[in-house]
2 protein chains.
Amino acid sequence: MGRPREFDIDEALDQALDLFWRKGYEGTSLSDLTDAMGVTRPSLYAAFGNKEELFRKALDRYDDTCMAFTRSALNEPTARKVVDKLLHGFADAQTDQVHPPGCMGVNGALACSEEAEPIKQELAGRRVAGEIALGRRLEDARAAGDLPADCSPADLARYVMTVAHGMAIQASSGASREALYAVVGMTLKAWPSA
Amino acid sequence: MGRPREFDIDEALDQALDLFWRKGYEGTSLSDLTDAMGVTRPSLYAAFGNKEELFRKALDRYDDTCMAFTRSALNEPTARKVVDKLLHGFADAQTDQVHPPGCMGVNGALACSEEAEPIKQELAGRRVAGEIALGRRLEDARAAGDLPADCSPADLARYVMTVAHGMAIQASSGASREALYAVVGMTLKAWPSA
DNA sequence: TATGTTTTCTACCGATCGATATGTAATACG
DNA sequence: CGTATTACATATCGATCGGTAGAAAACATA
């Protein structure tokens, strides 16, 4: 009951995500958001709570859509294929021309004021969670003989995520998809074979 | 002549650098700066112009001091030693415990509002300049037979800088120096031998 | 001591920040 | 229809943003 909402929640969230991705949490103002989302300020607060909650919902949407490949990549049969799909997926997501260049998890809030510290911590936490998930997958691979017994899955996972996040910086600086593919290729050269 | 300045320019600049490094250009307020530098607001403007000029001077000081190793690394005799010294230098600079974690060139302004766009461009420009300088050094190395004839110095340079900037993100997320050293080690495994 | 120059201080500027109070329009239910 | 409920729009809140006027204080030179 009550008056029906005149805008689509997910469409508005996509606009907010685009802004936060491109300008970061603190670099995006409420006026930026309401202009892009086509929603007045009170409607935004009624629908999403406040700026921080809006960011978190946009981040969840980012994870559900743009980062979906990270989950499916872990299901690849071999460790090398997992990493290959992961890094190419990041390269694609960071240069897909429809979203801002780079990575929302890095651009969102890397260095910020005290006020945005919780956001920064949230993003850092998700980054390490991704690294840990990859590390576990590589541990399984080692146990299955898919990786040398003397290698360190944790170190390998950190190496891969370092390249992934480094590519996000490169993309923000204007690197092309092909340039990132070349980086992925060199990264895989360092990959150990069972 | 005139009343002598009561604070040291370089000491104040170091305080400003620490703040910009830790909180970014936009995340650092004038009140943050004056508090940390021990200088009143009009004194700051008289000495440094405005916030943007202060940032640029702090950035120059960062380059002259914390990034000095990047120049000397290029003088190493072999391409591999250049890259080894470069990456270990970045790992050290990003985890030296006296400065904020990560890299000023990345933390300073990665995603920001339109107002800080010139700062963002400046930092991106310096990043690509570093990559180009390394690429030239690797070209020389290839010409000298220090690298395989069929390798791409530009791709190698991009790969190295991608890892360097990725390590900056890792350091911001709390990675230890040893963890970054492990990443450097894996990166060098991909290095071609002549 | 008198004067010119520079730095220091207190106080304040307009603009923008995130967030709301208040009243009206649009729906569902009785 | 009447009423409850929800979303809409206008107008504004106090706080903070980067940046400055204007006067007093500390020096060099005369």
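Only heavy atoms go into these numbers, but all of them, side chains included; no hydrogens, no water, no symmetry mates. Residue numbers begin at 1 in each chain, while the letters A, B, ... track the order of the sequences.
- Between A:Arg56 and A:Glu52 a salt bridge is recorded (basic side-chain N to carboxylate O distance below 4.0 Å).
- The cationic atom of A:Arg5 (NZ for Lys, CZ for Arg) lies less than 6.0 Å from the six-membered ring centre of A:Phe7 and within 45° of the ring axis.
- Looking only at atom types and distance, the side chain of B:Ser29 has a donor-acceptor partner in the side chain of B:Asp32 under 3.5 Å away.
- Taking 4.0 Å as the cut-off between side-chain N and carboxylate O, A:Arg71 and A:Asp63 count as a salt-bridged pair.
- A salt bridge does not link B:Glu131 with B:Arg127: none of the charged nitrogens is closer than 4.0 Å to a carboxylate oxygen.
- Taking the charged nitrogens against the carboxylate oxygens, B:Lys120 and B:Glu117 do have a contact shorter than 4.0 Å, which makes a salt bridge.
- Scanning for salt bridge (Lys or Arg N to Asp or Glu O under 4.0 Å) contacts around B:Arg22 gives B:Asp18, with sequence neighbours left out.
- Ion pairing of B:Arg137 with B:Asp140 is absent here, as no side-chain N (NZ or NE/NH1/NH2) approaches a carboxylate O to less than 4.0 Å.
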Distances under 3.5 Å between nitrogen or oxygen atoms of protein and nucleotides 4-7 of chain C:
residue : atom : partner : partner atom : Å
C:dT6   : O2   : B:Arg3  : N            : 3.1
C:dT7   : OP1  : B:Arg5  : NH2          : 3.1
C:dT7   : O4'  : B:Arg3  : O            : 3.4
C:dT7   : O2   : B:Arg3  : NH1          : 3.2

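- For A:Thr95, the side chain to side chain donor-acceptor pair (under 3.5 Å) criterion is met by A:Arg177, not counting sequence neighbours.
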Can you name the atoms? Protein N/O to nucleotides 17-20 of chain C N/O, anything below 3.5 Å, with the distance.
residue : atom : partner : partner atom : Å
C:dG18  : OP1  : A:Thr28 : O            : 3.3
C:dG18  : OP1  : A:Lys51 : NZ           : 2.7
C:dG18  : OP2  : A:Leu30 : N            : 2.7
C:dG18  : N7   : A:Arg41 : NH1          : 3.1
C:dA19  : OP2  : A:Tyr45 : OH           : 2.7
C:dA19  : OP2  : A:Lys51 : N            : 3.2
C:dA19  : O5'  : A:Tyr45 : OH           : 3.2
C:dA19  : N6   : A:Arg41 : NE           : 3.4
C:dA19  : N6   : A:Arg41 : NH1          : 3.2

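- Here B:Tyr181 sits alone; no ILVMFWY side chain lies under 4.5 Å from its own, so it joins no hydrophobic cluster.
- Contacts between chain B and DNA chain D, taken as any atom within less than 4.0 angstrom of a protein heavy atom, begin and end at D:dC17 to D:dA28.
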